[in-house]
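Everything below concerns the one structure shown next.
Everything numeric here is computed off the predicted structure, so don't read it as measured data.
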Amino acid sequence: MASPDQDPYYLAEQDIASSVRGIMTTHEKWKQLLFNTNTYTNKEFKWYNKEIRKVLAVIEEDVGDILEAIGTIEKFPGRYVLAPGELERRKSFANDVKIKINEIKEDLQSPRALAKIEEDKQNELLSSEKRNMIERGGKFEGLRRAHDEDNRDFLREQAGYQRELMNRQDEGLDQMKDDIQILGEMGKVMNSELKIHEGLLDSLHDRAAKSSDALGSVMRKLDRFMESTSSKLQWTIIAILGIIFVGLVVLTTMIKK
C-alpha cells in the first residue's frame, strides 16, 4: 500500500482542493461585481469573469485525471494496493468537486447573470450612441446656446423694464392717493369754515335786521315826535345834539392824545 508521500494522487488532491477553495472565493467576488457594477465597462469584472472560467477548466481537467486513475484502479484492482475505503473516498472527493464546479458553471450561465450582462451591454451601447449623437450635434450646440442665451437676456431685460414701469406706476398711484387724501382733508376744513362763516353771516343778518327794525322804530317815533313839536323846540333839540356831538369829538381827541 502506497503511503501519502509516495502516491502522487494525494498531491493532486491537495492541489485540486486548494484550487476549489480559491475558485469559490473568486466566484463570490464575481457575483458581487455582477450585480453592483456595469459588467460591460468594469475591468475588474471582466478579469474575474475570464479568470474563473480558466480555473474551472483546469480543475475539470485535474478531476478528469483523478477519475481516469480511479477507473484504472477499478479495472485492474490487483495492480494497486489501497487502504479499505480509500477508493470510495477518492470517488466521493471527485464527485464533490464536480458538484461544486457544476454549480459555479450553472451560475455563470444562469439566465439572471446573462440578462444582467446583456442589459449592461445594451445600456452602454445606447449611452455610446447618445454620446456620438451629441458629438455630431456639438458643432451646432454653441450657436443654439448663444441664441437661447440672447433670448433669455432679452426676456430678462423686458421683465426688468416692466417691473420698473409697474413700480413707477405704483409710486404715482401712492402719491395720487396721498394728494387725494390731503385734498379731502382740506375740503373738510373748508366746509367746516364755510359753515362757521355761514353761521356768522346768519347772526350778522339777524342782528342787522333787528337793528334795522329798531332804527326804523326810532325814526318813526322821531318823525311823530318832530311832527308833534314846534319848530323852535326842534331847533333847540338839534342844537343840544350838536353840542353833545362836538363834546364827544373833543373828548375823543383828548383821549387819543
Side-chain angles (χ1 to χ4, degrees), residues 1-139 141:
M1 180 177 63
S3 65
D5 295 334
Q6 296 173 339
D7 193 341
Y9 168 80
Y10 294 106
L11 181 60
E13 182 180 291
Q14 291 175 1
D15 290 341
I16 292 173
S18 176
S19 297
V20 169
R21 289 192 295 271
I23 199 171
M24 291 181 67
T25 301
T26 303
H27 181 224
E28 290 298 322
K29 182 64 175 179
W30 177 89
K31 288 193 292 185
Q32 292 177 6
L33 294 171
L34 174 67
F35 297 107
N36 295 306
T37 65
N38 186 318
T39 58
Y40 190 77
T41 59
N42 189 276
K43 294 182 179 180
E44 188 177 10
F45 174 82
K46 291 181 177 181
W47 184 88
Y48 274 99
N49 194 47
K50 182 178 179 180
E51 184 67 16
I52 198 171
R53 283 171 168 78
K54 183 173 69 175
V55 175
L56 279 173
V58 173
I59 294 174
E60 282 184 313
E61 185 177 353
D62 292 341
V63 171
D65 292 340
I66 289 177
L67 291 174
E68 184 178 352
I70 292 173
T72 301
I73 293 172
E74 288 178 330
K75 188 175 181 180
F76 304 102
R79 296 182 181 178
Y80 304 94
V81 180
L82 299 177
E86 176 63 19
L87 187 61
E88 294 301 323
R89 189 193 68 79
R90 293 182 182 185
K91 286 183 180 180
S92 177
F93 172 77
N95 288 330
D96 289 343
V97 172
K98 285 182 67 177
I99 291 172
K100 292 178 181 178
I101 290 174
N102 287 333
E103 288 177 352
I104 294 174
K105 289 174 67 176
E106 289 176 359
D107 197 17
L108 294 176
Q109 299 299 323
S110 67
R112 185 184 181 191
L114 295 177
K116 175 61 167 58
I117 293 172
E118 182 64 22
E119 180 184 0
D120 290 344
K121 178 181 178 181
Q122 294 299 326
N123 290 336
E124 181 61 24
L125 291 176
L126 288 174
S127 299
S128 299
E129 181 64 23
K130 289 181 180 178
R131 285 195 296 271
N132 292 334
M133 292 176 64
I134 292 172
E135 289 175 359
R136 287 194 297 268
K139 59 183 179 180
E141 186 64 18

Working for side-chain contact (heavy atoms from CB on, under 4.5 Å), residues Glu119 and Tyr40: CA-CA 9 Å; Glu119 180 184 0; Tyr40 190 77; over 6 Å; no
Mind checking the [atom1]-[atom2] spacing from [X] to [Y]? Nearest 0.5 Å is all I need.
X      : Y      : atom1 : atom2 : value
Ile52  : Ile104 : CD1   : CD1   : 5.5 Å
Ser110 : Lys31  : OG    : NZ    : 10.0 Å
Leu82  : Glu88  : CG    : CD    : 11.0 Å

Quick one: list whatever passes salt bridge (Lys or Arg N to Asp or Glu O under 4.0 Å) with [X], sequence neighbours left out.
X      : value
Glu86  : Arg89, Arg90
Lys46  : none
Glu68  : none
Lys100 : none

Exercise: do Glu13 and Tyr9 side chains pair donor with acceptor under 3.5 Å: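 Distance-only check passes for Glu13 and Tyr9.
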Polar side chain donor-acceptor pair, Gln122 to Glu118, under 3.5 angstrom: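 Side chains of Gln122 and Glu118: pair found under 3.5 Å.
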Electrostatic pair Lys105-Glu60, nearest N-O below 4.0 angstrom: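 Yes, this pair counts.
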Salt bridge Lys121-Glu124, side-chain N to carboxylate O under 4.0 Å: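 A salt bridge is absent here (no side-chain N lies under 4.0 Å from a carboxylate O).
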Hey, is the main chain of [Y] close enough, under 3.5 Å, to the side chain of [X] for a donor-acceptor pair?
X      : Y     : answer
Lys29  : Tyr48 : no
Asn42  : Asn38 : no
Asp120 : Thr39 : yes
Ser19  : Asp15 : yes

Asp62: partners by side chain to side chain donor-acceptor pair (under 3.5 Å), with sequence neighbours left out: none
Listed partners of Asp107 passing side chain to side chain donor-acceptor pair (under 3.5 Å), at least two apart: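 In terms of side chain to side chain donor-acceptor pair (under 3.5 Å), with neighbours along the sequence ignored, Asp107 is linked to His27.
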side-chain contact (heavy atoms from CB on, under 4.5 Å) evaluation trace for Thr26 with Val55: CA-CA 10 Å; Thr26 303; Val55 175; over 6 Å; no
Could you report the tightest heavy-atom contact between [X] and [Y], atom names first, then the distance?
X      : Y      : result
Leu34  : Lys116 : O-NZ, 2.9 Å
Ile59  : Ile23  : CD1-CG2, 4.1 Å
Ala113 : Trp30  : CB-CH2, 3.9 Å

Pairwise side-chain contact, Phe93 with Ile16, heavy-atom cut-off 4.5 Å (strictly under): yes
Identified side chain to side chain contact (heavy atoms under 4.5 Å, CB included) counterpart of Glu44 within the set Asn49, Thr37, Leu33: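 Single side chain to side chain contact (heavy atoms under 4.5 Å, CB included) partner of Glu44 among Asn49, Thr37, Leu33: Leu33.
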